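Since the structure comes first, as structure tokens, the remarks are kept for the end.
In this text the structure is predicted, and so the values were computed from the model without any measurement. Lettering follows sequence order; numbering is per chain, from 1.
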Amino acid sequence: MKRIISLKELAERTAGLASGHRACAGCSFPSIIRMVLGSSDYPVVVSNATGCLEVVSTIYPYSSWPCSWIHVAFENAAAVISGVESAYKALKRRGEIPQDKKIVFIAIGGDGGTYDIGLQALSGALERGHDFLYLLYDNQAYMNTGIQRSSATPFGASTTTSPAGKYLFGKVQDRKEIIEIVAAHRIPYVAQASISHWGDLIKKLRKAYEIEGPKFLSVIAPCVIGWGYKESETVEIARLAVETCFWPLYEIEKGVYRVNYKPKEKLPVKAWLLKQERFSHLNGREDLIEEIQKRVDEKWEKLLRLDGLKVF
Amino acid sequence: MKRIISLKELAERTAGLASGHRACAGCSFPSIIRMVLGSSDYPVVVSNATGCLEVVSTIYPYSSWPCSWIHVAFENAAAVISGVESAYKALKRRGEIPQDKKIVFIAIGGDGGTYDIGLQALSGALERGHDFLYLLYDNQAYMNTGIQRSSATPFGASTTTSPAGKYLFGKVQDRKEIIEIVAAHRIPYVAQASISHWGDLIKKLRKAYEIEGPKFLSVIAPCVIGWGYKESETVEIARLAVETCFWPLYEIEKGVYRVNYKPKEKLPVKAWLLKQERFSHLNGREDLIEEIQKRVDEKWEKLLRLDGLKVF
Amino acid sequence: MKIKDVSVRIAGLAGDGSLLAGEILAFTLKRRGFYVVSVKDFPSNIRGLPTNLTIRANLERIYSWGDHIDSLIAFEPSALKNHAGDVRNGGLIVVDEEFDLKNFQPNDVYFYSVPLRKIARDLFRREIFKNVIALGFLGHAFNIGHDELRNTLIFYLKGKDEKIIEANIKALDEGYKLAEKFVKERYEIERGSDSNRYYLSGNEAVALGAIASGCRFFSAYPITPSTEVLEFLAKYLPKYGGVTIQCEDEISSINMAIGASFAGLRAMTATSGPGMDLKTEALSLASMAEIPLVIYHAQRAGPSTGIPTKTSQEDINHILFAGHGDVSRVVLVPSTPEESFEFTFKAFNIAEKYQLPVIILSEQAISQNQQTIDNIPYNENLDWERGKILTDEMALQYLTNGKSYQRYEIKDDGISFRGFPGQRGVIVRYNSNEKTPDGFIDEECEYRDEMVKKRIRKLENIINDIPVPEFYGKESAKNILIGIGSSLGAMKEAVDRLNEENYGFSYLRIRSLLPLHEDHIYSLTKDKNVFICELNSFSQLRSYLSRIWGRKKNVFSIRKYIGLPFKPLELVKEIKRIIKKEI
Amino acid sequence: MKIKDVSVRIAGLAGDGSLLAGEILAFTLKRRGFYVVSVKDFPSNIRGLPTNLTIRANLERIYSWGDHIDSLIAFEPSALKNHAGDVRNGGLIVVDEEFDLKNFQPNDVYFYSVPLRKIARDLFRREIFKNVIALGFLGHAFNIGHDELRNTLIFYLKGKDEKIIEANIKALDEGYKLAEKFVKERYEIERGSDSNRYYLSGNEAVALGAIASGCRFFSAYPITPSTEVLEFLAKYLPKYGGVTIQCEDEISSINMAIGASFAGLRAMTATSGPGMDLKTEALSLASMAEIPLVIYHAQRAGPSTGIPTKTSQEDINHILFAGHGDVSRVVLVPSTPEESFEFTFKAFNIAEKYQLPVIILSEQAISQNQQTIDNIPYNENLDWERGKILTDEMALQYLTNGKSYQRYEIKDDGISFRGFPGQRGVIVRYNSNEKTPDGFIDEECEYRDEMVKKRIRKLENIINDIPVPEFYGKESAKNILIGIGSSLGAMKEAVDRLNEENYGFSYLRIRSLLPLHEDHIYSLTKDKNVFICELNSFSQLRSYLSRIWGRKKNVFSIRKYIGLPFKPLELVKEIKRIIKKEI
Ligand SMILES: Cc1ncc(C[n+]2csc(CCOP(=O)(O)OP(=O)(O)O)c2C)c(N)n1
Ligand SMILES: Cc1ncc(C[n+]2csc(CCOP(=O)(O)OP(=O)(O)O)c2C)c(N)n1
Ligand code: SF4
Ligand code: SF4
Ligand SMILES: [Mg+2]
Ligand SMILES: [Mg+2]
């Protein structure tokens, strides 16, 4: 295991990184990008799906990417990176690139580009077994087009297409369990992380960069606009998602589950929900809050049961 | 629980069914279609993805479908049935169809149309929670276009695009675990069946027809041409897949695993493999056969561990 | 003299309230009896990127945003830099006094550098209030009654926190006060007669049109600039017993609509740019399987992701020709909110009458911009023409006479009766393969020839059901300008101005691209100089129309492709240049 | 007189060996020095559906399957019923004596009803051997040396079980013996000079062309009638250090190729019908992001699933115009295996030189049917022209001079240098949005105008690099026939025959649809009667070409859309009819 890189070290490493971006004040992307790139000891090639992160990170003259990248269409990040990776393998076989030159291939997609329109491309790339990291930044809705529901949007959240009101209490369906769906592909490494727990996130990134084959990392990425909270609270919102066990930090490495963080005191999910405008209509709807709490509890307990077990 | 319908009863029920079809002699489709339709007490509407089954069952004048259907494109069976089902819900709400009129909606796809090009549509329909049965007939390759690999094709099988020869020993990747991927969507009913065990298959169909919400049933469908065996051996080949535990009969109902059949004597997978032309190049490659056996064993053991457990 | 035509641009950054201020002003002018046209120019949902809203108001019905603006409020230095040049002489510019204006040379305009942010900070501790302060400033300068603006402000803030509303009202007051101190010359803005007109965007009009047409199934996937239809119908369709579903992608969203249409509901999907690429396969299927379907497509600047929030007429080729095989379709092209509504209504009737997909081809400039219109062109006499539908009685006859129902029965007019799954007496079979009349696969090509001819026969009469081109001007004019969609306003004003200078112009606005009124266009353009204006670089419209006149020499292209609609003066200038140089 | 042109059809059911028997005969005739053209007519992979193979052999190079057949072997009553009418007077029909022929009236032909199945059952216990018995029968009737057929048979069965080979040889013998008993009159078939020619399908030629062009990345999804390219390259590309990947769908297969091209490999994808619909979004992307890419598209009969195993020219519209926005592309249209190879080679050079997608538009009749050709048009002088590629030295200069590499640098010819990710000194940024020269999103449209113009400038010179139309006949002829693809053979023979009757005909075969040689076509068709033949019902080719001549009166359509290519006589008859009626 590689040592965990310290925040100071990371700051130094990323000193060279262009710091420009045009995200909304308080957006969680800048730190995500910084950690993704800063944690790699190897050159990185990125394929980026359409979405907020791609837009805000590649606008002239504010680009955050000091590496080669291709900005693809919405559903194709995994397919394009598969092509790039296979091409490099061929170039190595043909001796046009040295055999020992390691490059890290990363496909980046939002929740819409991953859970929904990009799911098939992701599944295909996992099945073929390419050597790449799929990085999902999960802001739980289609933010770039103005906050529509995705299948990552939590039960009860209000979006413009699951509007809380007379007919609905927000989204009716539960979120897809993307980690479980990906894990069912039995790839070497699947993990869930949060920007609030950067040490854990960097550790996971660095682990992923060393493993051969497909890797999948899902990072919660709170969105000021879409979730509705104060600009300064981004990290706190992410932290609460973890502390309430709505967003457990865990990983499945070669089939073995490991819960990476167990809150000393598991906070009620309400503490997270009611800090966000998108759940504000739940205020007073104790029935729904209870339902949400129940679902969180069930999943958390299931996770604790699996902790340490090898499932494939 | 509904009683199991007897073969005789089924024969009577299906007496009305047009028996025509134009499948290759020995193909497993006719019996599948017969059971699917015969097991339903309700009117059925089918959306059928492009593939062998759709072609052979809807050729003039040999159609096997005495129900309304729509033959859609290759990747859309789940999406189209979602539309049909939602439209019926709306029609009921509007009083244009009686509230108590129950219709069974079935989407049918081959492995290519399900594991590969139709996966996203399937996943979306499961997430939205439509009331339908997705029936996967799994012949483990793209048969209608001449036997290309799919992500359902087993490790080691030779197809025209994973040809056994100088460079390859057949397909390099393992099959996608479609049952696990679907189960990760936490739908009310997921099951795997075989035409060799018709009692079990009918029981599963009838159970599925009674459950509200998305259901998924995967049936192994041996293919004379693509697998390479004698016309008369179809059922035997399917039976061996079950008896070797390559194709366990099991179900996940409301999150609870249940293994429906445990062979008295688990046969070595070789007994199944070497009956098929597509694996004939493995003859003598004990290393590969051992590898396949190992994978079968692991999955079977995992399944036995899960038997009776509630996983979501 | 009181002013009868006024235009204002409010420019700032996304999320800083410029758009809201603009909308309140627009709505106030509408209530004052003006016809308002607005043009939104925004980059994406993300906060902090440059954005602006231009509104033009006139006592007569207008369709164009004009050439220049009378007034500019610039909340950012960059906004001032980019837009000051558009302000006409004698116009008005308002900026924040905190700007560093060393390098800025104002034109011959009234230039007010005022403490917008400072007041906002001092009084409300949040700079965002600068927008309403600026609005008040403008209200005074335009001599708009304080109460008029206040009422609209309150209307727009309905449902918000009391405190916020109060603060905003106070900010408005402050704006008026501020203006009293600064403004040297006030405008006098007219008042019109009717204050109850509608103020609608194309997207809203389409959504309303769908509801009015009896559309009860809508499935789509979010994509700028058509998403508002999805958002609108997600909210309101359930009220009418309908279903709105957001799918996992565009492929499924069109296929779900196909499923719903098969089941018997009027169904629609909506998209734009890349979304339509993904729908082409199902478009081909709908044509082959003869499924009525309405597709709303709002163009944006491409290719690929392109400039996703800006307008274009770049998808003409794609909409007319995409989809493998001989794909029948109808393509209607609205220019206004009224037409967006009306063509949606027509689209459903045509789709069901001829059992094929109908595409409404709009564009960002129409779909997302609001306009004042007199009326929604709806009345009780408008019929839902559902075409040849198998009644339950007809279906039951099959049961009695023992015949089997033929979904694709060969008929003289090419149109067969549509039955629905579940109807007693019939089994309904739809097929994407070439098929027999009963809907089975016609593997031996026994029916291929007849089926192809049947599908072609269906197309023969559609021309009678679609909107004819709008002709404006004298037939004797020796020059004719041709365009579609958002070009309407600029074409009209350009033709008027050119005729004032005796250039001899008319215009032809095509409102249905498929089928195309070829004979009509041919006879109107014969022996004339033809100018075709379009918002793309490939001259897609011109190439398409050239089937009418071939390599006719005096056909000229006017193209623009920077994401904005034409302005009248652009057309006038370019036409004069061409006439001088080439004719 | 010895026969120099012979045609045979073998008709039965899929899986019953008819195709194999036909192929062996074809190959034998090729070895005998004939040029062979074959047309496969099959329904799908499923056994038991009607299928047949027609082969025509001639000592001169031919391209068409002719009008009639000389001989028919019918293994099924339905086959006899469907095909007997095509046998010319004096021809030969072989059927199984077990047929019930009560209702069959043979023409004026040699009709042999013989115990094919019976012998197969008696000697081999499997009816399948009837095919080789029939082959022997034909061998005798045609006076083809026993050994000739036997050698090909053995060649085709290479690798099979010894016993099976022996049985087949015996079956062949039996066929010869049987014929001796029955055949009344034997044909004498000529022998040609060169027995070493190639016998290739279009799909094989494209796959070989790709390998020869240095294509080292191929990703595709199976779809009739292009799947053989995937199968071929899956087998052989690894040998050349390349990669072939079958993806989960067509969207990914084109996007993987885009990824590989971005990484620096020559990359291709292949598809047909609905598959291409799914690729249009990425086509638009490749054009916008300026990614060299070759797309092979083999047409089949549509729309939608249509008749997936039969030929058409129905995707002309789609291939020329699909993809939202102003999508640049090049479209080449081969007719023969040679051109399939040659145009593939060209396609890669054009794609890299102009950094855009190039489509090879073929069709089932070419892609899956084999033809004898003299040579594969490959020689060592053919260059891989990779266009403007950033060398490692150039890349390093960026490091030294501190400038940043501009993937989309604005150049006079519109073409920028292509660097590759991983090259030292440069960061390579590709973008699907409108972009700055460095590849960043140009959110404020600063570069939009320039970038659009750059992409248009690229297109200006392509016309010099693409195949010109083939003109055949005298320029003075007053009638001209125009067509593409599989129509070549029928056009050639039709023109010859019409000229024999002094109709005054030439033909023009278009080999590149985009760019189109408009001036050339215009000057060749001026003042002439124009006949356009095409395999679709929408007159797609004619509509497209009408931009050249508008509503010119004397342009006539000849259309066919039942899944088979034209026959010479069909063209001759239809042309005569039109001339009589309309000119
Ligand atoms: C094929 C296609 N459909 C729709 C869009 C419009 N679109 C662009 S970004 C986006 C939402 C992205 O959502 P997500 O992946 O969650 O990223 P986020 O914006 O939330 O960061 C959508 C719907 C598109 N560009 N292409
Ligand atoms: C978009 C699209 N791609 C490819 C095809 C070609 N195609 C038709 S059926 C088929 C294979 C079907 O495989 P599977 O789903 O496993 O069904 P099977 O034929 O094996 O029964 C393919 C590739 C198509 N019709 N549409
Ligand atoms: S909308 Fe949300 S996700 Fe997008 S840039 Fe703004 S804060 Fe970040
Ligand atoms: S190819 Fe296989 S799956 Fe298809 S009809 Fe024949 S036996 Fe059945
Ligand atoms: Mg998101
Ligand atoms: Mg299959």
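- In this structure, chain B has heavy atoms under 4.5 Å from both the backbone and the side chain of C:I427.
- For C:N433, the parts lying near chain B are the backbone and the side chain together; criterion is any non-hydrogen pair under 4.5 Å.
- Salt-bridge annotation for C:E290 and C:K454: present, with a side-chain N of the basic residue lying under 4.0 Å from a carboxylate O of the acidic one.
- For the pair B:K176 and B:Y115, the cation-pi criterion (under 6.0 Å, within 45° of the ring axis) is not fulfilled.
- Contact of C:I291 with chain B is made through the side chain alone, with heavy-atom distances under 4.5 Å.
- Here the two rings, on B:Y88 and B:F105, have centers that are under 6.0 Å apart.
- Residue B:V55 touches chain C through both its backbone and its side chain, counting heavy-atom pairs closer than 4.5 Å.
- Ranked by non-hydrogen atom pairs under 4.5 Å with chain C, the options B:L91, B:V46, B:V84 are led by B:V84.
- Contact annotation for B:E85: neither backbone nor side-chain heavy atoms come within less than 4.5 Å of a heavy atom of chain C.
- Of the listed residues (C:N255, C:I245, C:N431), the greatest number of heavy-atom pairs within a distance under 4.5 Å of chain B belongs to C:N255.
- A cation-pi arrangement, defined by a distance under 6.0 Å to the six-membered ring centre and an angle within 45 degrees of its axis, is absent between C:K403 and C:Y398.
- Taking C:M256, C:Q246, C:M288 one by one and counting their heavy-atom pairs under 4.5 Å with chain B, the maximum is reached by C:M256.
- Of the listed residues (C:K435, C:E281, C:Q423), the one with the most heavy-atom contacts under 4.5 Å to chain B is C:E281.
- Ranked by heavy-atom pairs under 4.5 Å with chain C, the list B:A73, B:A79, B:C67 is led by B:A79.
- A donor-acceptor pair shorter than 3.5 Å cannot be found between the side chains of C:S226 and C:H297.
- B:I81 does not touch chain C: none of its heavy atoms, backbone or side chain, sits under 4.5 Å away.
- Between C:Y240 and C:Y236, the ring center distance fails the sub-6.0 Å criterion.
- Residue B:K89: no heavy atom, backbone or side chain, is found under 4.5 Å from chain C.
- A salt bridge links C:R386 to C:E352: one of the charged nitrogens lies within less than 4.0 Å of a carboxylate oxygen.
- Of the inter-residue distances, the one linking C:F345 atom CZ with C:Y378 atom OH reads 6.0 Å to the nearest 0.5 angstrom.
- Under a cut-off of 6.0 angstrom, the local environment of NZ in B:K254 is sparse, with at most 12 non-hydrogen atoms contributed by other residues, nucleotides or ligands.
- If you measure heavy-atom distances from B:S82 to chain C, the contacts under 4.5 Å come from both the backbone and the side chain.
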